Amino acid sequence: MNQNLFTYRIQTSGKQSLTNIDVYLEDALAKSGVKDGIMVVFCPHTTAAITINENADPDVQKDMNWGYTDTFPNKGSYHHVEGNSDAHIKSSLTGVSETLIVTEGRMLLGTWQSIYFWDYDGPRNRKFHVKIIAG
C-alpha cells in the first residue's frame with residue numbers, strides 16, 4: 001500500500017503552457033494528514049516538467065514560455081522523428097521533480113512562489129505524482 005502517494009491528472013492547453021498545481025498539492029497534503037515533512041512532486045513525462053516560480057504576475061509565465069521557445073526552437077534539423085526534440089530538451093533542463101518542505105501542515109514557499117506543471121508538447125492529458133513523507 002502506497003500511503004501518501006497521490007496521482008493527479010490535468011489537461012494542458014497550447015503547445016507550451018504552465019499550469020499552477022498548488023490546489024492539487026494542497027489537496028494531497030490535507031489528505032495525507034502530514035504536518036511536518038517533505039513533499040516530492042514528480043512528472044512522469046519526457047516532454048514536461050515541474051517548476052517553482054512567481055505566481056503574482058502572469059507576464060512572468062509568458063516571458064518564461066517565450067524565453068524557452070526563443071532559446072530552444074523546434075528546429076527541422078533535429079533527428080527525432082516525432083518532431084518534439086525541443087520539448088525533450090526543455091524538460092531535461094527544467095527537471096521533472098521538485099522537493100518541498102512541509103511545516104505546520106503547509107508547503108513552505110516564498111511569498112510569490114507557486115508550483116507549476118510545464119508542458120512543452122501540448123495540449124495533452126497529463127499526470128503527476130505527489131509523495132508526502134512525514135518527518
Side-chain angles (χ1 to χ4, degrees):
M1 181 171 158
N2 284 320
Q3 287 186 316
N4 298 332
L5 177 63
F6 305 91
T7 300
Y8 294 95
R9 299 182 185 283
I10 59 173
Q11 172 65 49
T12 62
S13 61
K15 166 70 174 149
Q16 187 169 288
S17 63
L18 286 119
T19 302
N20 185 315
I21 59 172
D22 288 354
V23 67
Y24 299 100
L25 305 184
E26 290 165 358
D27 177 70
L29 191 53
K31 288 177 179 173
S32 76
V34 171
K35 298 299 179 198
D36 292 283
I38 298 291
M39 174 188 288
V40 179
V41 185
F42 173 73
C43 166
H45 304 286
T46 60
T47 58
I50 303 293
T51 192
I52 300 173
N53 216 296
E54 181 174 330
N55 62 18
D57 183 355
D59 285 340
V60 172
Q61 294 174 32
K62 291 175 188 171
D63 290 344
M64 289 171 59
N65 274 322
W66 178 85
Y68 255 35
T69 300
D70 186 60
T71 304
F72 303 103
N74 191 355
K75 298 178 182 180
S77 59
Y78 288 132
H79 299 285
H80 184 49
V81 296
E82 289 182 25
N84 61 354
S85 289
D86 63 313
H88 290 283
I89 293 167
K90 294 168 189 174
S91 174
S92 289
L93 290 173
T94 305
V96 296
S97 67
E98 290 288 349
T99 302
L100 306 167
I101 297 170
V102 174
T103 184
E104 299 178 0
R106 299 177 53 100
M107 296 179 288
L108 183 60
L109 294 169
T111 302
W112 308 114
Q113 289 183 322
S114 281
I115 316 305
Y116 293 91
F117 186 99
W118 200 352
D119 193 351
Y120 306 111
D121 194 27
R124 291 183 184 231
N125 291 310
R126 298 290 202 167
K127 67 181 177 182
F128 61 94
H129 305 289
V130 181
K131 178 70 175 180
I132 302 172
I133 305 161

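Computed from a predicted model, the values in this text were never measured in an experiment.
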Does the side chain of [Y] come within less than 4.5 Å of [X]'s, by heavy atoms?
{"X": "Leu25", "Y": "Leu100", "answer": "yes"}
{"X": "Ser85", "Y": "His79", "answer": "no"}
{"X": "Ile115", "Y": "Phe128", "answer": "no"}
{"X": "Ile21", "Y": "Val41", "answer": "yes"}
{"X": "Ile38", "Y": "Thr99", "answer": "yes"}
{"X": "Phe6", "Y": "Ser32", "answer": "yes"}
{"X": "Asn4", "Y": "Ile133", "answer": "no"}

With a 3.5 Å distance limit and no angle check, can you tell me whether [X] reaches the backbone of [Y] through a side-chain donor-acceptor pair?
{"X": "His88", "Y": "Thr46", "value": "yes"}
{"X": "Asp121", "Y": "Ala87", "value": "no"}
{"X": "His45", "Y": "Lys127", "value": "yes"}

By side chain to side chain contact (heavy atoms under 4.5 Å, CB included) - contacts of Thr103 (at least two apart)
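Side chain to side chain contact (heavy atoms under 4.5 Å, CB included) check on Thr103 returns Asp36, Leu108.
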Go through the side-chain N and O atoms of [X] and [Y] and say whether any donor and acceptor fall under 3.5 Å apart.
{"X": "Trp112", "Y": "Asp57", "answer": "no"}
{"X": "Tyr68", "Y": "Thr94", "answer": "yes"}
{"X": "Tyr120", "Y": "Asn84", "answer": "no"}
{"X": "Thr69", "Y": "Gln16", "answer": "yes"}

Would you please indicate yes or no on a ring centroid separation below 6.0 angstrom for Phe117 and Tyr24?
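No - the distance between ring centres of Tyr24 and Phe117 does not fall below the 6.0 Å cut-off.
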Could you tell me which non-hydrogen atom of [X] sits nearest to which non-hydrogen atom of [Y], and how far apart they are?
{"X": "Val130", "Y": "Ala28", "value": "CG1-CB, 3.9 Å"}
{"X": "Met107", "Y": "Asp22", "value": "CE-O, 4.2 Å"}
{"X": "Leu29", "Y": "Val34", "value": "CD1-O, 3.7 Å"}
{"X": "Ala49", "Y": "Gly95", "value": "CB-O, 3.1 Å"}
{"X": "Ala48", "Y": "Ser91", "value": "O-OG, 2.6 Å"}
{"X": "Glu54", "Y": "Tyr116", "value": "O-OH, 3.0 Å"}

Just wondering, are more than 12 heavy atoms of other shown residues or ligands nearer than 6.0 Å to CD1 in Ile101?
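Atom CD1 in Ile101 is not packed in, count stays at 12 or less.
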Could you check Thr12, Thr19, Asp119 and say which one makes a side chain to side chain donor-acceptor pair (under 3.5 Å) with Arg126?
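Single side chain to side chain donor-acceptor pair (under 3.5 Å) partner of Arg126 among Thr12, Thr19, Asp119: Asp119.
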Trace of the side-chain contact (heavy atoms from CB on, under 4.5 Å) decision for Leu18 with Met64
CA-CA 9 Å; Leu18 286 119; Met64 289 171 59; 4.2 Å; yes
